[in-house]
Amino acid sequence: MRVFADINEVLSAEGEHLGHTDWVTIGQDRISLFADATEDHQWIHVDQERAADGPFGTTIAHGFLTLSMLAHFSQSIISVTEKPSMSVNYGLNKVRFLQPVASGSRVRDGVEIVSVKETPKGYLVCTRHTVEIEGSERPALVAESLGLWVP
């Protein structure tokens with residue numbers, strides 16, 4: 001966890017890699033709950049029997065499930081003592097799903113502060129996330145996420 005005093009310290013950390021989060025297991029229960037929440041019940045995600053004979057030998061997490069983990073990962077890697085009044089998801093610049101996450105895999109996020117820009121509404125903080133799969137050289141995804149920090 002990287003702790004900053006305030007937005008000025010975050011500004012001074014542009015270009016810095018903040019480190020890695022703890023590993024999180026992406027189990028079948030989580031995948032099935034995500035399928036229910038999004039109504040995406042494609043067999044590759046939820047049919048363990050059929051997926052065993054599929055291209056990955058098991059079910060895989062939805063790419064958007066892995067992407068949705070960025071909210072959790074962000075909260076576990078960065079903290080600001082003098083917190084903004086609110087921080088809202090402002091969107092994404094780039095997202096690439098590079099490798100599927102097999103059920104039971106462990107993932108973690110490496111986070112870098114790409115930029116911090118002052119806007120009339122607050123500070124637009126762009127972070128680059130590289131979600132790694134334990135034991136794999138290739139990441140599951142790389143994404144640039146935007147958060148608007150309102151003073």
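Just so you know, residue 1 is the first one in the sequence shown, and it goes up from there. All values below come from the heavy atoms of this structure, side chains included, with hydrogens, waters and symmetry mates left out. Bear in mind the structure is a predicted one, so any value in this text is a computation, not a measurement.
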Colleague: Going by the rule salt bridge (charged side-chain N to carboxylate O under 4.0 Å, His left out), which residues pair with R50 if we only count those two or more places apart in sequence or in a different chain?
Modeller: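 None.
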Colleague: Pair Q28, T59 - check side chain to side chain donor-acceptor pair (under 3.5 Å), show working.
Modeller: CA-CA 8 Å; Q28 188 59 49; T59 55; 2.3 Å; yes
Colleague: Report all side-chain donor-acceptor pairs from residues 90-101 shorter than 3.5 Å, counting only partners two or more places apart or in another chain.
Modeller:
residue	atom	partner	partner atom	Å
N93	ND2	E144	OE1	3.3
Q99	NE2	S136	OG	2.8

Colleague: Is a side-chain donor or acceptor of S74 paired with a backbone partner of A71 at a separation under 3.5 angstrom?
Modeller: no
Colleague: For the residue pair R30 and L65, establish whether any side-chain heavy-atom pair is separated by less than 4.5 Å.
Modeller: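 In short, these two side chains touch, coming nearer than 4.5 Å.
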Colleague: Are any of the side-chain heavy atoms of K121 and V150 separated by less than 4.5 Å?
Modeller: no
Colleague: Hey, are the side chains of I44 and P55 touching, using non-hydrogen atoms and a 4.5 Å cut-off?
Modeller: yes
Colleague: Would you check if H129 and S145 make a side-chain contact, meaning some heavy-atom pair closer than 4.5 Å?
Modeller: yes
Colleague: Tell me, do L141 and T130 make a side-chain contact under 4.5 Å, heavy atoms counted?
Modeller: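 No, every pair of side-chain atoms sits at 4.5 Å or beyond.
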Colleague: Would you call W43 and Q48 a side-chain contact if the rule is heavy atoms closer than 4.5 Å?
Modeller: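 No. Closest side-chain heavy atoms not under 4.5 Å.
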Colleague: Atom CZ of residue position F64 - does it have more than 12 heavy atoms of other residues, nucleotides or ligands inside 6.0 Å?
Modeller: no
Colleague: The test is side chain to side chain donor-acceptor pair (under 3.5 Å); show your working for D109 and H72 and say whether it passes.
Modeller: CA-CA 10 Å; D109 189 10; H72 164 72; over 6 Å; no
Colleague: Name the atoms and distances for all side-chain donor-acceptor pairs under 3.5 Å in residues 4-15, with sequence neighbours left out.
Modeller:
residue	atom	partner	partner atom	Å
D6	OD1	N8	N	3.1
D6	OD1	E9	N	3.1
E9	OE1	A5	N	2.9
S12	OG	E9	O	2.8
E14	OE2	V116	N	2.7

